[in-house]
Every structure is written in structure tokens, then in C-alpha cells.
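Only one structure is covered here, and it is reproduced in the block below.
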Amino acid sequence: MVRLAIDFENPAREWWESGGRDLWDALIEGFDNNDVVLEQGLADSWLSQAATVAGWDSGPEWAPHPICIKGIDEDEEL
């Protein structure tokens with residue numbers, strides 16, 4: 001399991017305005033969340049699709065993409 005989250009350090013708007021917002025909203029199923037926990041295979045598939053949207057690689061070196069992978073704590077309830 002992995003957590004995909006909005007990277008607020010990535011200031012790029014192009015990805016969000018070029019279809020990324022719709023892609024993200026479909027993933028979180030309409031909930032008002034900044035992150036979602038998924039199985040690794042589903043996360044990899046979603047990230048591959050997200051990378052095809054214009055603006056995916058337009059962020060700074062420390063936050064290159066609008067969505068990032070975050071770890072999950074062992075004691076975290078899922």
C-alpha cells in the first residue's frame with residue numbers, strides 16, 4: 001500500500017488545468033481529500049496515466065510533480 005498526495009510545494013497549474021484535476025477527482029471519488037491510500041499496482045497505473053497530462057514534470061527539483069508518493073506508518077489505520 002502507498003499513499004498518493006497532492007504536493008503543495010509544486011506550484012504548477014498546467015497539470016491541474018490540463019486534465020489532472022479530473023484524473024485526481026476520479027481517484028478520490030469526490031471526497032474532499034488531499035491524499036488517498038492505494039495498492040502499489042493501482043498507484044503505479046494511476047501515476048503512469050497522470051504523467052501523460054501536460055505539466056506533470058513542470059515543478060521545481062524538490063517537488064517535480066503535482067502528486068507525490070508518501071509512506072504509510074506501520075501503526076496507521078487504513
Side-chain angles (χ1 to χ4, degrees):
M1 302 292 276
V2 297
R3 179 185 312 279
L4 296 183
I6 295 173
D7 191 341
F8 291 104
E9 292 187 19
N10 180 300
R13 291 183 158 198
E14 182 182 15
W15 185 81
W16 294 101
E17 294 171 355
S18 297
R21 169 61 58 197
D22 292 336
L23 190 62
W24 180 249
D25 287 346
L27 181 66
I28 63 171
E29 299 177 4
F31 294 105
D32 187 25
N33 292 327
N34 296 326
D35 61 40
V36 63
V37 176
L38 303 169
E39 292 184 17
Q40 182 71 54
L42 182 57
D44 290 342
S45 175
W46 188 90
L47 288 167
S48 292
Q49 187 174 2
T52 66
V53 178
W56 177 252
D57 292 319
S58 62
E61 183 178 321
W62 63 89
H65 312 297
I67 305 297
C68 63
I69 297 175
K70 292 188 175 183
I72 298 175
D73 295 331
E74 290 180 18
D75 60 343
E76 186 175 349
E77 291 185 35
L78 302 177

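Heads up: numbering here begins at 1 and tracks the sequence.
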Exercise for review: Indicate yes or no: at least one non-hydrogen side-chain atom of Ile67 is less than 4.5 angstrom from one of Ile6.
Suggested key: yes
Review point. Going from CG on Leu27 to CG on Asp22, what distance comes out if it is rounded to the nearest 0.5 angstrom?
Key: 12.5 Å
Check your understanding: Measuring from Asp35:CG to Leu4:CG, what's the distance to the nearest 0.5 Å?
Key -> 9.0 Å
**Study point:** side chain to side chain donor-acceptor pair (under 3.5 Å) against Trp24, all qualifying residues, sequence neighbours excluded
**Key:** none
Anything under 3.5 Å between a donor and an acceptor, one on a side chain of residues 45-53, the other on a protein residue two or more places apart or in another chain? List them.
unit_1: Trp46; atom_1: NE1; unit_2: Leu23; atom_2: O; d: 3.4
unit_1: Ser48; atom_1: OG; unit_2: Asp44; atom_2: O; d: 3.1
unit_1: Thr52; atom_1: OG1; unit_2: Gln49; atom_2: O; d: 2.6

Check your understanding: Do Pro60 and Pro11 touch side chain to side chain, with heavy atoms closer than 4.5 Å?
Key -> yes
Review point. Just wondering, do Glu39 and Met1 contact through their side chains at under 4.5 Å, heavy atoms?
Key: yes
Practice item. Please tell me if the side chains of Arg3 and Ile69 come closer than 4.5 Å, counting only heavy atoms from C-beta onward. Key: no
Point to revise | side chain to side chain contact (heavy atoms under 4.5 Å, CB included) between Val2 and Val37, worked out | key: CA-CA 6 Å; Val2 297; Val37 176; over 6 Å; no
Review point. Do you know the tightest heavy-atom contact between Asn33 and Ile28?
Key: O-CD1, 3.7 Å
Review point. Which pairs with one or both residues in residues 8-21 pass side-chain hydrogen bond (donor to acceptor under 3.5 Å, both in side chains), sequence neighbours excluded?
Key: Glu9-Trp62
Revision key, fill the gap. Shortest non-hydrogen pair, His65 vs Asp57, comes out as CE1-OD1, 2.7 Å
